[in-house]
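Below is one structure, written out as structure tokens; the observations come after it.
Computed from a predicted model, the values in this text were never measured in an experiment. Below, each value reflects all heavy atoms present in this structure, side chains not excepted, and no hydrogens, waters or symmetry copies. Each ligand, and each atom within it, is numbered from 1 in the order the structure gives.
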Amino acid sequence: MADFAELKIDGKKVECPVIIGTEGEKAFDIGKLRSQSGCITLDPGFANTGSCASAITFLDGEKGILRYRGIPIEQLAEKSTFVETSYLLIHGRLPNHDELDAFSEAFNEHSMIHEDMINFFHAYPSTSHPMAILSAMVCAMSAYYPEFVKERPAQEEIDRIAIQLLSKVRTICAFSYKKSIGEPFVYPRYDLSYVPNFLNMMFSSPTHPYKIVDEVVRALQVLLILHADHEQNCSTSTVRLVGSSHANLYASISAGICALWGPLHGGANQAVIEMLEKIQKDGGNVSKYIAMAKDKNSNFRLMGFGHRVYKNFDPRAKIIKKRADDLLNKLGIHDPLLELAKKMEETALKDEYFIERKLYPNVDFYSGIIYRAIGIPLNMFPVMFAIGRLPGWIAHWKEMIQDPATKIGRPLQIYVGETKKDYTPIEKR
Ligand code: CMC
């Protein structure tokens, strides 16, 4: 392979160095293109633009491959825990026994939130979407823990904030749910590990202690692992972009939470269930809605379908579909929405429109079925995605701030507005 790609613009040749990743991915570096030719590249949605080199996650959308730090997602979903996977993403390798014990112990140390922050929950209307509360509270942590707010924290400081965020976000999410249903907050417990602790804070009450069921814990554990990172997606790119101005980690993560909220990204899990409920209420006519999804004059899209990168299948969706089946069987739940979702998938996958465009179910298509079975309310679904994605955001922020090649993110544009014209004052009345 040549070391340079050659571009010819107005008869002038520009050489762009070729970069090859460890999995053979190829790019050419256009960093000097503007100074050498006066041209920039235009790529709406950054569909063909690499913004950085990263050693965290590899994915191949054609082959349906996803690996964290080299380890296939299927193996992590089968054998790891969310806490161990978080360590892997943030530290770059799996922990040994002592490291995992110390990491888990530190989660306990940081699980409470500053008691004054409780006032925030009381100030929000009970109808607030929990993503609004979560993003605001995470940003507010920079005011409550100023000792961690540094332009360029040292390695140990970043690792400390990482644990603090992972642990406290879980508490904030559970508290925002309790606030929304008007029940007293349940504080974190030292004797429970990460997922049972979260479920206990969510579902225990003074009158009804929550019974921890192993299958539920494992299903949630798997969902969080599957969501933990996905390289340069919309929210992670947001975290990196905000952080590139040296905004602190809390502020950067808060921005990432807002980006995740949208229905084309992490809000899709909520949108899928809302869509399935709507179709069911309307008589369950699958063909009608598949036709609407294909109709360019309709605003309807098949939520939980399609992906910018996966053009074959989403390996996470495969694992989740099986988990949803297993969990519902084990809990003895019959969810008509699961049957409807399977029918929609079957019909869409045989349809020329979906085949031609390589549209497959994504991670969000079946995850909501599991959340429903666990008892998590609809508007908390994107919050569950945020809890899962947190270690990925932190790992990317850490990589970005420590990489000497990082520059402040500042895309360019092609101006298409008015050309120069003179100011004309408003005529006197
Ligand atoms: N239903 C119907 N048509 C679709 C869908 C869909 N869900 N997704 C894409 N298309 C069509 C789209 O209209 C376009 O058709 P045409 O070529 O005729 O104009 C073609 O497929 C390509 O779509 P695109 O919008 O250019 O693709 P994109 O890469 O910009 O968007 C996407 C990716 C995920 C935003 C989009 O597929 C979508 O809106 N899906 C539904 C929302 C969803 O499930 N989001 C969760 C994504 S996975 C979780 C995460 O990581 O965020």
Could you walk me through whether Lys358 and His307 satisfy the side chain to side chain contact (heavy atoms under 4.5 Å, CB included) test, starting with their C-alpha distance in whole Å, then the side-chain angles of each, then the deciding distance to 0.1 Å, before giving a yes or no?
CA-CA 9 Å; Lys358 301 187 173 176; His307 199 277; over 6 Å; no
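- Annotation for Arg34: atom CZ does not count as buried by contact number, only 12 or fewer foreign heavy atoms lying within 6.0 Å.
- Counting only heavy atoms, the protein never gets under 4.0 Å from atom 31 (O) of ligand 1.
- Close N/O approach between Arg308 and ligand 1 is found [any backbone or side-chain N/O within under 3.5 Å].
- Contacts between Asp314 and ligand 1, counted as non-hydrogen atom pairs separated by less than 4.0 Å, are absent for every part of the residue.
- Using 4.0 Å as the threshold, Tyr353 has a heavy atom nearer than that to some atom of ligand 1.
- Contact check on Glu23 versus Arg67 returns a salt bridge, with a Lys/Arg side-chain nitrogen under 4.0 Å from an Asp/Glu carboxylate oxygen.
- Residue-to-ligand polar distances keep Lys311 apart from ligand 1: every N/O pair is separated by 3.5 Å or more.
- Heavy atoms of Lys296 approach ligand 1 to within less than 4.0 angstrom.
- The single protein non-hydrogen atom nearest to atom 34 (C) of ligand 1 is Gly306 O, 3.6 Å, given as residue, atom name and distance.
- Residue contacts with ligand 1: Phe305 is placed with a nitrogen or oxygen under 3.5 Å of a nitrogen or oxygen of the ligand (distance criterion only).
- For Gly304, the heavy-atom gap to ligand 1 drops under 4.0 angstrom.
- Residue Leu302 has at least one nitrogen or oxygen atom sitting less than 3.5 Å from a nitrogen or oxygen atom of ligand 1, judged on distance alone.
- Heavy-atom proximity to Ala268, at under 4.0 Å, picks out these atoms of ligand 1: 43 (C), 44 (O), 45 (N), 46 (C).
- Heavy-atom contacts from other residues, nucleotides or ligands closer than 6.0 Å to CD of Glu105 number 12 or fewer.
- Judged by the 6.0 Å and 45° rule, Arg357 forms a cation-pi pair with Tyr353.
- Within 6.0 Å of the CG atom in Asn299, the count of heavy atoms belonging to other residues, nucleotides or ligands does not exceed 12.
- Taking every non-hydrogen atom of Asp364 and a distance limit under 4.0 Å, the qualifying atoms of ligand 1 come out as 46 (C), 48 (S), 49 (C).
- Of the residues Ile253, Leu249, Val149, the one that meets the side chain to side chain contact (heavy atoms under 4.5 Å, CB included) test with Ser142 is Val149.
- The protein heavy-atom contact nearest to atom 21 (O) of ligand 1 is Arg357 CD, 3.3 Å.
- The presence of a protein heavy atom under 4.0 Å from atom 27 (O) of ligand 1 is ruled out.
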Could you walk me through whether Glu74 and Lys79 satisfy the side chain to side chain contact (heavy atoms under 4.5 Å, CB included) test, starting with their C-alpha distance in whole Å, then the side-chain angles of each, then the deciding distance to 0.1 Å, before giving a yes or no?
CA-CA 9 Å; Glu74 293 79 7; Lys79 298 178 185 149; over 6 Å; no
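- Shown in contact with Val363 at under 4.0 Å from a heavy atom are these atoms of ligand 1, numbered in order with element: 49 (C).
- Put simply, the side chain of Arg323 does not reach to within 4.5 Å of the side chain of Tyr366, judged on heavy atoms.
- Between Arg240 and Glu399, at least one side-chain nitrogen of the basic residue sits less than 4.0 Å from a carboxylate oxygen of the acidic one, meeting the salt-bridge criterion.
- The shortest N or O to N or O distance between Asn362 and ligand 1 is under 3.5 Å.
- Remark: Lys179 fails to qualify as a cation-pi partner of Phe185 under the 6.0 Å distance and 45° angle criteria applied to the six-membered ring.
- Atom CG of Asn96 has more than 12 heavy atoms from other residues, nucleotides or ligands within 6.0 Å.
- Side-chain contact between Asn285 and Ile279 is absent, with no heavy atoms from C-beta onward closer than 4.5 Å.
- Checking only distances, Leu264 does come within under 3.5 Å of ligand 1, N or O to N or O.
- For atom 8 (N) of ligand 1, a protein heavy-atom neighbour is present inside the 4.0 Å cut-off.
- Taking a distance limit of 4.0 Å, we find that atom 43 (C) of ligand 1 is approached by some protein heavy atom.
- With respect to atom 10 (N) of ligand 1, the closest heavy atom belonging to the protein is Leu359 CD1, 3.7 Å.
- No part of Phe365 comes within 4.0 Å of ligand 1, judged by heavy-atom distances.
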